[in-house]
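Notes to accompany the following structure.
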Amino acid sequence: MPDDSRHGHAGHGHGAPHHGTGGHAAHEHGAGPPVMHHAPPADAAAAYSRAYEAARPAPGGRVVTVELEAHEMDWEFVAGRRTRAWGYNGRVPGPVLDANVGDVLEVRLTNSLPEATTIHWHGLRLPAPMDGTDMMQHPIPPGETFTYRFALLDAGTFWYHPHVNETVQLERGLYGALVVRGRNEPELDAERVLVLDDVALDRSGQVKPPGGWIEHHDGRQGSTLLVNGRAESELMIAAGQVERWRVVNAASARYVRLSIGGRPFTILGTDGGLIEAPVTVTEVLLATADRVDLAVGPFAEGERPDVESLAYDRRTVARAKRERFATLRVGPAAPSRAVIPRTLREIEPLVAGQVTPTREVHLGFKLSLKHGVDFVVNKEPHHRDHPVKVGELQVWDVVNDTMMDHPFHLHGFFFQVVEVNGEPPAFRSWEDTVNVPPKSRVRIAWMPDDRPGEWMYHCHILEHHESGMMGHFAVVR
Ligand code: C2O
Ligand code: CU
Ligand code: CU
């Protein structure tokens, strides 16, 4: 398999702004994705226009214009085997979008799929009308175009994916990485983006339709492991060099306990960008939707460490085992100029000392006649949660009442993990997704800045999200 983890950057272009047709699209029922639990408010179109107009580059920034088309196509997840897949611009994952803090990203999405779709910009602090959920926009019907336009406020490794019929749309290949660069990033020898995923293929090499009680319970864990859309990848690195790896876990349900042949590597950043100081480890856990930025290397010529996931038991019905994503081949030596600074940035703690949580979010399940079990928040599917006021510090206890792990994702706002079962985390960071282990309590803190609208949080195991393990709330002034 070709090593394409270092190519495929798109974006970087100027262009006159397009106007979106969004907000005017008809509501799709019937042929499209299943049940709709959400609908945008009456003033969604006006809010969209305001957000569109307000997106201006910072001084020195520019408008990065990208055309994305979502469509059906043939893709070789496994070399030599054609699969009917869905992708952006003819590839899985979609192009790596690459821009700087202070730029405006303008993405014109054309939907050439047979069903409605949207794009959610996972992790970004953007205005609610650009968040890509069906709480804020009507899904884009087949044949139509919608323009997302927003300023990039934070450096980090983010990703994009549909927020409609996710168990089908993401599984077939609709997802991609978004890199936002800051001013003082560590200078390493090279950089690559690794988007990890798995896919469940049947005997004829086609993506299996969703279904079955194990999948409903565990979330889908496909047996074909992918790095940037390909199984059995080989990555090449020069001996003596240190690379920056931006890793995204785009899988529906799989947790990746990432190891590089047991060799030490260094964590530079997480969901919301750089951490305060580098941390050297031999493994790191990525729940679904998690990202991590690493410094990897140096290795000696001829080494062949596996990029793998060690066994991680998230208490599913199906068993967890150690599995390989790719092989890293170490080629001839090249000079290194990599410098990993001792301090990466400062992160002010949002809370200090004892605090009283402002709310509790209970992740649970409920027996259901139709599904056996439904996943819920505070005892109801698609929980309607209390509004949040701009400027009022939020301290939430996310409590997992079940016997399995759930990755909790908050849209649109970074949070800090204050403690997990009473213990502070190993280091301070900004996150948008955090694993909540079985029967555990994770305390998070976040500050709602002035971006009113309808927001949501949910379990990022796509099947749990679909079955209702999510909450909706308004941010109000
Ligand atoms: Cu990547 Cu609502 O999620
Ligand atoms: Cu919902
Ligand atoms: Cu879950």
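Remember, it's 1-based here, ligands and their atoms both numbered in the order they're listed.
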Legend entry - Aromatic W75 / basic R230 pairing, under 6.0 angstrom, 45° off normal: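 Output yes; distance and angle both within limits.
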
Inset, instruction - Any chance you could measure M130, atom CE, to E106, atom CD, to the nearest 0.5 Å? - result: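 Answer rounded to 0.5 Å: 9.0 Å.
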
Legend entry - atom 2 (Cu) of ligand 1 - closest N/O/S atom in H163: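 The atom in question is NE2.
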
Legend entry - Atom nearest to the Cu ion (ligand 3) - H464, N, O or S atoms considered: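 Closest to the Cu ion (ligand 3) among those atoms: ND1.
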
Inset, instruction - Using 2.8 Å as a strict upper limit, say whether an N, O or S atom of H460 approaches the Cu ion (ligand 3) that closely. - result: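 Not a single backbone or side-chain N, O or S atom of H460 is under 2.8 Å from the Cu ion (ligand 3).
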
Inset, instruction - Looking only at N, O or S atoms, find the one in H460 nearest to atom 1 (Cu) of ligand 1 and name it. - result: NE2

Inset, instruction - Kindly give the atom name of the N, O or S atom of H122 closest to atom 1 (Cu) of ligand 1. - result: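 Atom name of the closest N, O or S in H122: ND1.
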
Inset, instruction - Grab the two heavy atoms, one from Q137 and one from Y148, that are nearest each other, plus how far apart they are. - result: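 Reported closest heavy-atom pair: OE1-OH, 2.7 Å.
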
Legend entry - Vertex atom 2 (Cu) of ligand 1, arms to H411 NE2 and H458 NE2, rounded to 10°: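 Taking atom 2 (Cu) of ligand 1 as the apex, the two atoms subtend 110°.
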
Inset, instruction - Fit a plane to each ring of F158 and F414, take the angle between them on a 0 to 90° scale, and name the class: parallel (under 30°), tilted (30 to 60°) or perpendicular (over 60°). - result: parallel

Inset, instruction - Round to 10° and report the angle made at the Cu ion (ligand 3) by ND1 of H406 and SG of C459. - result: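 ND1 of H406 and SG of C459 make an angle of 130° at the Cu ion (ligand 3), to the nearest 10°.
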
Legend entry - Backbone N/O of S440 and side chain of N421: donor-acceptor pair under 3.5 Å: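 Answer holds: no.
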
Inset, instruction - Check whether any N, O or S atom of H409 sits under 2.8 Å from atom 1 (Cu) of ligand 1. - result: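 Checking H409: none of its N, O or S atoms is under 2.8 Å.
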
Inset, instruction - Could you tell me whether D432 and R291 have a side-chain N and a carboxylate O separated by less than 4.0 Å? - result: yes

